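Report on the structure given below.
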Amino acid sequence: MEPKKVLYSAIQPTGIITIGNYAGAIANWLKVQDDYTSIYAIADLHALTVRQVPQEFRQRALSFFAQYLAVGLDPEKSVIYFQSHVPFHTELQWLLNCYTYVGEMTRMTQFKDKSQKNADNINMGLLDYPVLMAADILLYQSAFVPVGADQKQHLEITRDIAIRFNNLYGETFVVPEPYIAKQGARIFSLQDPTAKMSKSDPDPNAAVSIIEDADSIMRKFKRAVTDCDSVVEFREDKPAISNLLTIFSAMTDRSVESLVNEYHDLGYRRFKHDLGEAVVERFAPVRERYLKLMNDKGYLSEVARQGAERAGRMAYKTVAKVKRKIGLVQP
Ligand code: TYM
């Protein structure tokens, strides 16, 4: 039997895990856990490209890890770990740095955005961020990377780096494919349907977390902005309602079409109320499991330890291969 292909993804522990992260990435992770060797990281090293308060950062990273488990990732089926626990990520990053051009990095949209937002802290990490991401993915010989649409450019550069290296040294890396949801790959803010729903939006009404309590979820959907008229339809000139329809569909696995059929003439109030309830229903058990897990730090660190051990064994093989191909003296 052919070995299962590898699927890899990660989330940075910044802000909150939003229903956008869920719709764009996690929902797909849950669907394919059985079909691939799946590896999911907390990308804590990536989060260091912006300043973090140490105590809060540690707490948040652990909370994100517990949320991975609470939302349904199963450590018996998948490798779940902290990126910073496996030193091969940064080792491969250095090696790949030497095969990546500065011009490629300065052209990255996210680099340009983040440089603007953090004009007083345009550090080397910000520029080198995509190479660390390429190292994450290539270390595990990943075939598929389920992400939201905003990560597509980083996947393209990862492929370019892999192909470039393979051309120079012969087949070394599997060239990964992005795995982007048809629906839900880009969820927008509840307050501004032209802006991506961001984990770190300063406006608390813009995003909903996957462990949020019911009252707060209902309140945020009630306050969500809508379009001018009052029909529930998926249309380009109705970005707010189209976004809410996408969220509704992602939470319930119902098609947008069937939702439009049901809610077309029922008005926004009713539509937003039912959407809020669907989100509450989807995430109430996640919240409950999360609160239990956060009371069992011993279990969390044991799962993390085992995850890092499994990941480390896989990553070691790739780094050894790369070093051999490049011509470094074997230890
Ligand atoms: P991050 O932490 O910003 O986001 C995590 C995942 O959620 C997706 N996403 C969205 N999807 C739909 N609508 C949205 N509004 C939305 N916002 C975010 C993202 O596309 C992503 O899939 N660099 C990555 C983390 C990373 C990574 C990796 C991903 C590090 N190494 C290796 C894949 C493979 C990031 O910052 O994602």
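As the structure lists them, so they are numbered: ligands from 1, and atoms in each ligand from 1. Just so it is clear, the model here is predicted, and its values are computed rather than measured.
- Checking Gln153, His46, Gln151, His154 one by one against Pro130, the side-chain contact (heavy atoms from CB on, under 4.5 Å) holds for a single residue, His154.
- For the salt bridge (Lys or Arg N to Asp or Glu O under 4.0 Å) condition, the pairs that include at least one residue of residues 91-104, sequence neighbours left out, are Glu91-Lys323, Glu104-Arg164.
- Under 4.0 Å is where a charged nitrogen must lie from a carboxylate oxygen, and between Glu156 and Arg159 no such pair does.
- Between the side chain of Gln183 and the main chain of Ser249, no donor-acceptor pair closer than 3.5 Å is present.
- Residue-level contacts of ligand 1 at the 4.0 Å heavy-atom threshold are Tyr8, Ser9, Ala10, Ile11, Gln12, Gly20, Asn21, Gly24, Ala25, Ala43, His46, Tyr129, Met133, Asp136, Ile137, Val145, Val147, Gly148, Asp150, Gln151, Gly184, Ala185, Arg186, Ile187, Lys196, Met197, Lys199.
- Side-chain N or O atoms of Lys220 include one that pairs as donor or acceptor with a backbone N or O of Pro204 at under 3.5 Å.
- Under 4.0 Å is where a charged nitrogen must lie from a carboxylate oxygen, and between Lys77 and Asp34 at least one such pair does.
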